[in-house]
Protein chains: 2
Amino acid sequence: MTYSIKEVSEKTGLSIYTLRFYDKQGLLPFVARNSSGYRAFTDGDLSLIHTINCLKNTGMKIKAIRQYIDYVMQGPATIKQRETMLLAHRKTVEAEQRKIAENLQEIDYKLNVYQSPDAVATVTKEQQFVQQEKLVNQLPNPYAQTILSK
Amino acid sequence: MTYSIKEVSEKTGLSIYTLRFYDKQGLLPFVARNSSGYRAFTDGDLSLIHTINCLKNTGMKIKAIRQYIDYVMQGPATIKQRETMLLAHRKTVEAEQRKIAENLQEIDYKLNVYQSPDAVATVTKEQQFVQQEKLVNQLPNPYAQTILSK
DNA sequence: GCTTGCCCTAGAGTGCTGTCTAGGGTTTAG
DNA sequence: CTAAACCCTAGACAGCACTCTAGGGCAAGC
């Protein structure tokens, strides 16, 4: 049993365009063609596409994914290289995750300000401060309202 | 005290090109100009650029960041809208984080296979399986080595 | 007054990842 | 036999976020 590109598109959520694009980029060298030149996807192919999707979803570049797939196509001899690649990738993904978490914390800090009962006072004070800075340096005030008490 | 674009570039890690690009995109309407037409960044401006950076680092699109900055420029009246935006953004970032974590788990599964003492056997068996699939469906075998023990 | 090292704008170019179009072949049901 | 619904390729186009170039202004030191 094999699947057409449309069926694979529905199974994976990748558009037909994307599947053909990936093929063009050398990500799907394992997909065979039938006698009419149509792509005939097997279950094993789907499993590999799933792996490609995981790598893509974690931010790996297409060029790097192609490198990984190339290793897969060369068989068991490249297990060590694959391990090295995936370890390095995991490391970068984890670093990226940490960075995002940190930035999210700063956003949460902003949110706390906005959700506090003193939000208006805090924000007004901040705006006064930046307007004061512009004033001191003889710069135009770019803000909508001028809020400068005394 | 104000900062030149070069100083801000060094402080923030954003290239001068990127800072000017952000300005062109309407992300820096708060940055004033001195008498020579040069951008004069204040400390308050740096703080806002920091916020922009947090939003960008968590994947917010420039267009959405501009919307947020527009709210900031309108003063305390838009606190509610800012809160709504940041809450929605936090939700999408958290969803994205979860998705990445899930995909990373699948990559870890692959890594476990590669790191196991039976790695060669497992990978060989997988390759035999996919080659068998191709054979059964009368498709060419795209793999480097044919490993098909009876 | 001239070189050096900044600053500016407008707009072209790049890299990546798709997405779509044009032109054409195949398969199946009526 | 033909219409509908698939499939194919090559290559154009798009969206995003920069990155760079060309052409020119300003400020400080020699």
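In what follows, chains carry the letters A, B, and so on, assigned in the order in which the sequence lines appear, proteins first and then strands, with residues in each chain numbered from 1.
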Does some side-chain heavy atom of [Y] sit less than 4.5 Å from a side-chain heavy atom of [X]?
| X | Y | answer |
| --- | --- | --- |
| B/H89 | B/Y68 | no |
| B/N103 | B/I100 | no |
| B/D70 | B/T78 | no |
| B/Q81 | B/Q74 | no |
| B/Q131 | B/Q128 | no |

From [options], pick the nucleotide closest to the side chain of [X]?
| X | options | value |
| --- | --- | --- |
| B/S4 | C/dC8, C/dC7, C/dA10 | C/dC7 |
| B/S15 | D/dT19, C/dC7, C/dT27 | D/dT19 |
| B/T18 | D/dC7, D/dT19, C/dC16 | D/dT19 |
| A/R20 | D/dT19, D/dT9, C/dT17 | D/dT9 |
| A/F21 | C/dT17, C/dT27, C/dT9 | C/dT17 |

Report summary line: Between B/K24 and B/E7, the residue closer to the 5' end of DNA chain C by nearest nucleotide is B/E7
Give [X] one of three labels, base, sugar-phosphate or nothing, depending on what nucleic acid heavy atoms sit under 4.0 Å from its own.
| X | value |
| --- | --- |
| A/K56 | sugar-phosphate |
| A/R33 | sugar-phosphate |
| B/K6 | sugar-phosphate |
| A/K63 | nothing |

Grab the [atom1]-[atom2] distance between [X] and [N] for me, whole Å please.
| X | N | atom1 | atom2 | answer |
| --- | --- | --- | --- | --- |
| A/N34 | C/dG25 | CG | C1' | 12 Å |
| B/I62 | D/dG15 | CD1 | C1' | 12 Å |
| B/L19 | D/dC18 | CG | P | 10 Å |
| A/Y3 | D/dC6 | OH | P | 18 Å |
| A/Q25 | D/dG11 | CD | P | 14 Å |
| A/I65 | C/dG18 | CD1 | P | 9 Å |
| B/Y22 | D/dA17 | OH | P | 8 Å |
| B/I52 | D/dA17 | CD1 | C1' | 15 Å |

Query raised in the report: Given that B/Y17 and A/D23 both sit by DNA chain D, which one's nearest nucleotide is further toward the 5' end?
Result: A/D23
**Report entry** Which residue lies more 5' along DNA chain D, comparing B/Y38 with B/M60 via nearest heavy atoms
**Finding:**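 In this pair, the answer is B/M60.
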Query - D/dC8 phosphate, OP1 or OP2, under 4.0 Å from A/R39 side-chain N/O - result: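 Answer yes for this pair, as a side-chain N or O of A/R39 is under 4.0 Å from OP1 or OP2.
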Report task. Report yes if a side-chain nitrogen or oxygen of A/S36 is closer than 4.0 Å to either non-bridging phosphate oxygen (OP1 or OP2) of C/dT27; otherwise report no. Result ->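 So the side-chain polar atoms of A/S36 do come within 4.0 Å of the phosphate oxygens OP1 or OP2 of C/dT27, strictly under.
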Query raised in the report: Under 3.5 Å, is there a donor-acceptor pair linking the side chains of B/N137 and A/T2?
Result: no
